[in-house]
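Worth saying up front: this structure is predicted, and the values here are computed from it rather than measured. Labels below follow one simple rule: chain letters A, B, ... track the order of the sequence lines, proteins then strands, and each chain is numbered from 1.
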Amino acid sequence: KEAVPAPAMRVGWGVEPDSLSPFVSYTQAGAEVFSLLYDSLVNFDENLVPQGNLASSWSLSSNQLEWTFNLVEGVKWHDGENFTSEDVKFSYELMMESGLGLYSDFLTGITEIECPDENTVIIRTEKPKANMLMITAPIVPEHIWKDVAFEDLELWENEHPIGTGPFSFVQWNSGEFLKLKANSSYFNGKPAIEELIFVLYANNDTMAQALKTGELDAAINMNVNQVKALKKEAGISVISAAAFGFTELSVNASLDPELQGNSNLQDPVVRQALEWALDKQNIIDVAYAGQGIPGTTLVPPDNFWHYEPAAGKKRSFNPEKAKSLLEAAGYRDSNGDGIREDGSGNSLIFNFMLRAKSAEEVKAGQMISGMLKNIGIGTEIETVDDGVLVDRIYAGEFDLFIWGWGTDVDPTTILAVMSTDQIGNLSDCNYSNPVYDEMLLEQSTLMNKTERQKMVWKMQEILYDDAPYIILFYDAAVQAVRTDRWQGWKQIPENGPYFFNLTSINYKNVFPVSGN
Amino acid sequence: MKSVMEASALHVHFKARGSFIQEIFSNHQKKVKAVDGVNIQIGEGEIFSLVGESGSGKTTVGKALLALEHKTSGSILFNGEEIPSGTGKSSRRFRQKAQMIFQDPYQSLNPRDIVLDIVGEPLVVNNLIKTSAEKRERVIEALGWAGLRPQEEYLYRLPHELSGGQRQRVAIAAALILNPQFIVADEPVSMLDVSIRADILRLMVEMRDRLGISYLFITHDLSLAWLISDRIAIMYLGKIMEIGSSELIVGSSLHPYTQALISVMPLPRVTKNKKRLILKGETPDPIDLPVGCRFNPRCPVVQDICRRQEPELAEVTPGHQVACHFPKKLLVGAP
Amino acid sequence: MKETHAIRRRKAGQFMDSFRKNRMGMTGAIMLCFFLIMAVAGPLLLPYNAMDFGVADDVFAPPSREHILGQDDMGRDVLRALISGARISLSVGILSTLISMVAGTFLGIVAGYSGGKIDVLMMRFTDVFLVLPWLPLMLILAAVLGSSIWNIILVIGLTSWAGTARVVRAQTLTVKERQFIERARAIGAGNGYIMTRHILPNVFPLVFANTILVSAVAIISETTLSFLGMGDTLHPSWGMMLHYAFESGAASIGAYWFLLPPGLCVVGVVLSFTFLGYAFDEILNPKLKKR
Amino acid sequence: MNRNYLLKKIFQSLITIFLVLIINYILFRVMPGDPLQMLMRNPKASGEAVARTKALFGLDRPWYAQFFLYLRQLLHGDLGLSFLHKKPVLEVIASRILPTLLLAGCAEVIAILVGTVIGIVSAWKRGKKIDVISLSFALVTYSMPTFWLGIVFVAFFSVFLRIFPTTGMVTPGATFISEFAHMVDIGRHLVLPTLTLSLVMIGEYALIMRNSLIDILTEDFITTARAKGFTEQYVLRRHAVPNALLPMVTIVAINLGLVIGGTIQVETIFSWPGLGRLMYEALMNRDYPLLQGIFLLVSISVIGANFLADILYSYLDPRVKG
Amino acid sequence: MEMLSVRNLVTQFSIKAGQVKAVDGISFTLNEGETLGLVGESGCGKTTTALSIAGLLPSEGRVVSGEILLSGIDLLTLSQEELRKRRWKDISVIFQGAMNALNPVMKVGDQITEVIMLHDNKNYQEARKQVRELFSLVEIDPDRIDGYPHEFSGGMKQRVMIAMALACRPKIVIGDEPTTALDVMVQAQILNLLERLCRDIKMGLLLITHDLSVLGEIADKVAVMYAGKIVEMGSTEDILTQYRHPYTEKLVHSFPDIYGKREMVSSIPGDPPNLIDPPSGCRFHPRCSLATIRCRTEEPGYIDLGGGHITACHEIRGYEK
Ligand SMILES: Nc1ncnc2c1ncn2[C@@H]1O[C@H](COP(=O)(O)OP(=O)(O)OP(=O)(O)O)[C@@H](O)[C@H]1O
Ligand SMILES: Nc1ncnc2c1ncn2[C@@H]1O[C@H](COP(=O)(O)OP(=O)(O)OP(=O)(O)O)[C@@H](O)[C@H]1O
Ligand SMILES: [Mg+2]
Ligand SMILES: [Mg+2]
C-alpha cells in the first residue's frame, strides 16, 4: 500500500532499548539490537551451543588459564574501517574497567588480554573460567569509542552505532521506531531482510490489531490471551514458547532480626506450606491464559543446568499436605477466625505486594491469596508500583510479592541472586546460606561440564528445600509472525521463541515468501 | 434640641483603583474623596434629609455614621459619645441603637429566608433572645409596628412572595425590632412604585412621632425630602452645599446648585414653558476635584474667586447655611 | 416549625415541577436511578466474589445462558462484576465530589468574601491546581498515596476542587454585593455568620449544578486512573474492568462482552450525571431562565 | 491594550508560576521510589559509581540546596538531565513536543469549532428538536472515557473497516516519494486520535457556548438589534455571538491542562509518540527531572495560554480595564 | 395629521399559569410632531404596548386582536420580512436602561452606522458622516464616535440611543422610560433634547413612563393606563388638573408638589391586579374608594368629556368639573 521498498520487515515490540550504547543499556531489547548491529567473539547456534562468530576458532591452554581466539579475516566495520584484534581488546577492557553494561559481569576473572597480531586475541584468566564461551559481549570499534572520555561513557548516547553485525543502523525515533538495514558486505552473507523496522507499541492490544491488519510482520511482546485468538488467523503463526525466565512468589526469608518482615516466614516449613497450597496450573490457566509451565527451580527446563526435584520430593498442589505440615509445626487456628496463629498467638497474615504494572501478576496474586486462605494463611494485598516495591524490598518491609527474572544460558547470573553478598542489591528475598555461597564461587571455575552440572544441581536442590522463592512457573514468550509474508522462521532452541532468544538467527535467515 | 448624631469634619476617602504600577510601587495613592468634610447634627426625633446627585457621597455619609464605612478623619458622636469601631461590646450596643434601611427591598432581603428569620435576625445575631418562641413574639410585635397585619400571615413568606411595599415594611420591621434610636434610611422608596411610596414615608414619620426615632433620610428626590423632613442638606461631590429647614431650602434656596435642582424638578402640573436652569456638562470626576469651589465648572454665575478659593459653609440667616461666595436667589423655577 | 417545612416542600415542589418538564433531566434521573438500584440492590440479587475464579475454559467464555454477559479474563461472571462495579464507581464519584465540593466551596467563599490579598493568594493557589496537568497530577498523587479506594477518592477530590472554587468565588462576588449582606453587617453580624448564613445558601444552588457535573468528571477520572493501572484491584470498578479487559487484549481477541458493558455503564452513569447537572443548571441558573 | 492590565496579568502569572515551581518540586520529593535506584539501572554499581551519579544529578546535597540549585538551573534554561534518557530534559521534551502539538492542536481546533457551532445552534433553537439532538450528541461523547472511545475506534475503524492505521504517527520506517506523501501518511494516522480527543471535548464547549449565548440573547441590546430591523442571522452573528464567545476564550485556555490529560490516554492507545506518553513513561520510571520538566512546561504553557486569553479577552471586550 | 393609530389592541403572554392579558383593548392616536405620554404603575402594560407596536414581542407574547395603523397601513397584516424592513425606518425605540441597550463590545458609532447602512443603502463612510451629524444633534462630541459604551456616562448613552433612534428619520419614536435611572439634572437635559427634536424634526413621540410628573414638561397628550386598559386620556392639562378617573386622581396626588401645600402625598391602597385573572367589571374597583356594585359587575365604557378628553368610569358624576 505504502511506498516501501520490499522486502522490509516490521516487528512490533512493547519496549524499546533504553539506549543504543552497550555500556548504558540494560534491557533485553537493547541486547537484541546489539546482536544485530554488533558481533561477538562467539555466539550461539540454534541449540544454544556456542559457535564462532568473529572468532573462527579458539584453543585453551593446558593450565586452563589462557584462551587463544583466531579471528575471521577481512571483517569490516559498517563505516568501512577494518576490524582488528585491538578492537576486541579495547571492548573487553573498557567493559571490565567501567563495570558498565549488561556484559561486564561475564568478564570477571579475566586478567590480561593480548593481541599478538591483527587476527589473534589471547585472553588470560586468574582461575579457570567456565563461562568463557558464553560471552556474547558486542565488540565495539576502537576508532570511534576511543574518543569517548571515560567519565562520559555513561552518558554517551552512541547515536549512530557502527558495528560489524548483519544489520547497520539507519534511524531511531525514540518512542516510535528503530530502523536498520541489511549489511550488504556482512562477512557471513547479507540477510534477506533489506529493512528491519522495530515499531514501538504503547499497548499490546493495538499491536495485535496491527499484526492482523498487516501493518506488522511480526510481534514480540504479545499478550498471553492473544494466543488462542491469533491461532485462528490465517497467515499468522503464533507461538507461546518457553522463554528464558520465570515468575516467582518471593518470600522474605531474612534471618536478620532487624528486618521488618513477618518472622514466621523465617520458618522453612511455612514457606514450603505456601508452595503445597498453590495450584500452579490453575494460576497459569486463569491468570496467564494457559501460557507457561509450572515451575520448580531457578534454572528453566530445557536447559542443561536445570534441576528437577525427584517425584517424592516435588511439592505439587496439595492443600491437605500444607495444612498437616502447618498443624505439625504448631500453627493452628486457635481463635476460630479461619487464620492460623503461631505459638505466641500471632496470626499468619502476610503482607502481599503485587506490581500494578502487571495485570497478570495481580491476577495471579489474587488467586494465590485465595489459595492461601484455604490453608488458613491470610494475606493483605497491596498493589504498588515498582518504585514502591523496590523501596520496600530494600527496607525489608515486605513479606510476599510476585516478580520475575530473566535468565541466561549460563546459570551463574541467576544463581548469584541468592548469594549472601547480594542482600541489599540483587537479592529480593534476603536469603543467606554460607554453603550455597561457597558453591556458587566454585562452580564457575569447574571446566568439566558434568562436574559443574552436579554442583549447580545441588545448589538448586538447597534452594528448593529452603524455598525462599516459590517458582510459580517458567514464562512463556508469546510471539507471532506473519508466515504469509516471510518464511524460514525457526524456534530457538527447539520450542523456544522466534525473537529474544539470545541469537539473531531468524533475522539473518528468514526470506520473503515469493511473489510478495 | 438634643442632638442624637453629630458628625464633624467627617472625611471618608477611598483608594482609587489606580494603575497596577502605582498600586505596587507608589505611596502616592489617588483618592476618591467620597465625603470631604461634612458636618451634620441630627436632633432627637428629627428627620434630616441628605439630597444630592448620584455619587455625591450620600450613602457613604450614612454608612460612616453607622460605622459601616471606615472614616478617614473627623468625629462622629452618638449621644455625645464617639461611635465604636471594632466588634466589641460597645459596638454591639451601638449597632442595636442605630439601624439602617436600604434602598432596594428586592436586594436587601435574603431571597432564601422567610420573614420570621429576616426580621428576627438582629435578635439572633446579637444574642438577645433565648427561645424561638420569644423570637416569634418579638417579630410579630415588630411586624405590627411596620403595619403588616395580620402578622401571622407574613411570618413564613419568602421575599418574592411579597409586594415591593410589603418587602420594604419587612425591612423596616427588621430595623425597628431592636428599638433603635437612630435610623439611616438610604433611598427607602426610590425603587418603589409611586403609588406605594406614600405608605412607607408615612410609616417613617409615624415611627418618629410614636417612638421618637431620628432619621437620616437619604434621597435624590428633593420633593420627597421637602415632604417629610425637618431639615435638608444638599450634597455635591462629597461636600454639603446648603443646609436649612425644608421650607428654606425649597422656598428660598441660596446656592445656585440647589436652585438648579429645584428648577429641573418634575412636578405634577403642566410645566411646559417653565424656566429651567439646566446645568451644562456632568458631575466632575471625584478623583480630580476642581480647584476652588467644586461646583465652579457648572455654575451659571461663576466668578474668578470661585476658581481659586473654596467657600466654607456659612450661616447666612439663622438655621440656613450655604457654601457659596455669592449666595443669592436667581430667578428660576415656579411654573 | 411546621410552616418552615411547608415552605421547603413548596419550594421543592416548584423545583420538581420544572424538573419534570425537563426532558434531559428526567432521562438523567431515570438512568441514575437505574444505576443506583443496580449499586444498592444488585449485589443482593447477584452477589459477586472477586475471588471466584474459574478454570481454563471459563476465561473469556462468551455469553451463555448461565452467564448472560459472558465471563471475564479470570472466568468470573461479567454481569456480576458489572453490578459490583456500580457500587464502587458511584461511591467514588459521589464521595470524591463531596470532598471537592466542600474544599472548593470553602475556599471559594472565603476568597471571594475576604477579597484583597487573601483572595489574590488563594486564587493563585487555585490557579496552580488548574494549570498543573490534571491527569498526571492525579497519577502522581495516586502513586504517592498508594492505590486504595480511599486514596483514589481523596486524589480525585483533591485535584478537582479548583474549578468549583472558581465558580463559587465568582458567585460569592456577586452575592457579596447584594444589599442583604450589607444589611446583615449593619445589624452586627460577623463574617463567619454572613458567610455561612447568607452567602452559602445563595451560592449553593449554582454550586449544586456544578457539583453534579463534577461527579460526572470524577467518575471518568476514576475510570481513567483505574485504566492506567492506578485503581484498587480488590475493589474492581468499571474502570478496573476496562483496565483488565485492555491489558488482557479483550479488544483484539474479540471479547466485546468484557469491553463494551463496563464502558457503556460508565458512559451511562456519567451521562446521567451530565444530564442532571445540565437540567439543574437550566432550572437553578437565573441567567438561563426563559425570557 | 492597556499597559497596566498587561503588567498586572504578567505579575499574576509570575506568582502562579512560582507557586507551580514550589509545588512541582515538593511533589516529586515526596514520591515513593528511590530515584537513585531508578537512576542506576546497573544494579551492581559500585559505591563510587553511585556517588558519582548522585553528584551528577545533585542528589547528594540537602533538599533546600537542591531546590536552589534547581531554581538557578532553571534560570539558565536548564531543566536538568533525564534519569531515564540520560539526556537534557529539554532535548527529550523537544523531540516529543511536535506530535503532541499537532494532535492536541487539531483536536482543540475541531472541538472548539464543532462545540461552538453546536452551542450556537442549540441556543438559537432552544427547546427545539435540533437543540435536543445536537446537545445530546455532545453530552454523550462528553461522557465517554477517552481511552475507551479510542479502543472502540481502533476496533471499528482500523480492524473492522480497515480504513485507518491502528497506531503511530507515520508508517514506521517508510520512505516517502514526496513530502506530500509523507503529509498524507501523517494525516491518515492523525484521524482517529484527533477524533477521539476532540469528541470528548466538544460537549463542554457546546454547553458553555449554549449557556453563554442564551444568557446574551436575553440582553436588551439584542432586542435593540432586532428592533433595528436586522435579520435574525445578522443579530446572532454580529451582536450575540461575539459577546457569547467571551467566556469561551477563558475556558479554552484553562482546558489546555485537561487536554494534556487527554493526550496521555490517546497517545497510549494509539502509540502516538508525544509528550503525553513520554510523561506516562517518565512517571512509571520515576524520571523526576523529566516529569518536573514536563509539568513545568505544561503549566507554563497553560499559564501562558491563560495570559494570551486574557489579552485576547481584553481585546474582544473593551470593558476590561487594568 | 394622524400618523399612528392603535385600535383595540389586545396582547397576551402565554405562561405556565395561563394567559397574561397585559394589554386588553387599548386605542389611541398619535399625530405628527405630537408627544403622547403613556403613564401607569409598574406592570400595567406600557412596555407591552410599545413592543406590540414595534413588533418586538418575545416569543411567548402575541397580539391577539386589534389594528396598528401607521400612515394607514396595518402593521399586523405585514409579513415578518416586510415588517423587518420597515423597522427603525418607520418606528424606532429608545429603550429603558440605555446601559444595557447598547452592545458592549461594539463601538457606539458602528452600532448606528450599521442601521443606516441597512435601511438607507449608504456605504460606511457616508453612514459615518451622518452619525457625526447625529452626534452633534444630540450634543455629543462627534469625535467620540469610536468609543465603546462603557466609556460613556449614563446620560451620554441615553443620548447615543436617541441618536440611534433618529438615524433613519423615523415617523414615530417610542421612548420607553428613557429617563428612569438618570439623575434629575441629566433627566432634564434629555427631556429638553427630546422636546426640541420633536419640535424640529416633526416626529411623533410615544413617551412611556411611570413618572407622571415628567409628562407635565413634555407631553401634549397623556393616556393613563391601568391593568392593561387606558382608563383616561386627554391633553396634559386635562389629565393633571381636570382628571375625572379616581385612579388618575390618586396618581396625580402621589407626587408632592413643592409649589403646593406641604401635605403627605396619597397612596393607592391594595395591590396591583393579577392580569391572568383580572377583576370583573371595572378593573380598578377593588382599590377604588368610590366603587359601587355596578363597578364590580359592569365594565365602564369611555365617556367623552370633549376636547379629546375621555375617561372610563361609572362614577364620573362624583367629580365636579
Ligand atoms: N467602596 C468604595 N470604594 C471606592 N469608591 C467608593 C466606594 N464606595 C463609594 N465610592 C465612591 O464614592 C463616591 C460616593 O459614593 P456614594 O455611594 O456615597 O454616593 P451616593 O450619593 O450614595 O450615590 P447614589 O445616589 O448613586 O447612591 C462615588 O464616587 C463612589 O464611586
Ligand atoms: N415575557 C412575558 N411573559 C409573561 N408575562 C409578561 C411578559 N412580559 C410582561 N409580562 C406581564 O405583562 C404585564 C405588563 O408588563 P409590561 O412590561 O408591559 O409592564 P410595564 O407597564 O412596562 O411595567 P414597568 O413599569 O415595570 O416597566 C405584567 O403583568 C408582566 O408581568
Ligand atoms: Mg447611595
Ligand atoms: Mg416597562
- Assert top hit (heavy-atom pairs under 4.5 Å, partner chain C, pool B:I101, B:L178, B:D113) equals B:D113

Region of [X] that comes under 4.5 Å of a non-hydrogen atom in chain C:
| X | value |
| --- | --- |
| B:N126 | side chain |
| B:I118 | both |
| B:E121 | both |

Kindly give the heavy-atom pair with the smallest separation between [X] and [Y], and that separation in Å.
| X | Y | answer |
| --- | --- | --- |
| C:F180 | B:P111 | CE2-CD, 3.6 Å |
| C:A186 | B:R95 | O-CD, 3.3 Å |
| B:F102 | C:R183 | CE1-CA, 3.3 Å |

- Task: Please round to the nearest 0.5 Å and tell me the distance separating atom CD1 of C:I187 and atom CD of B:Q96.
- Result: 10.5 Å

- Item | Interatomic spacing from CG in B:L66 to CZ in C:R185 - rounded to 0.5 Å | 13.0 Å

- Message: Between C:E177 and B:Q107, is the side-chain contact (heavy atoms from CB on, under 4.5 Å) condition met? List the steps.
- Response: CA-CA 9 Å; C:E177 296 306 319; B:Q107 289 268 331; over 6 Å; no

How about [atom1] on [X], more than 12 heavy atoms from neighbouring residues, nucleotides or ligands closer than 6.0 Å, or not?
| X | atom1 | answer |
| --- | --- | --- |
| B:E134 | CD | yes |
| C:F106 | CZ | no |
| B:E82 | CD | yes |
| B:L211 | CG | yes |

- Within residues 197-205 of chain C, which positions have a heavy-atom distance to chain B below 4.5 Å? C:R197, C:H198, C:P201, C:N202, C:P205

- Item | Donor-acceptor contact below 3.5 Å, side chain C:Q179 vs main chain B:L109 | no

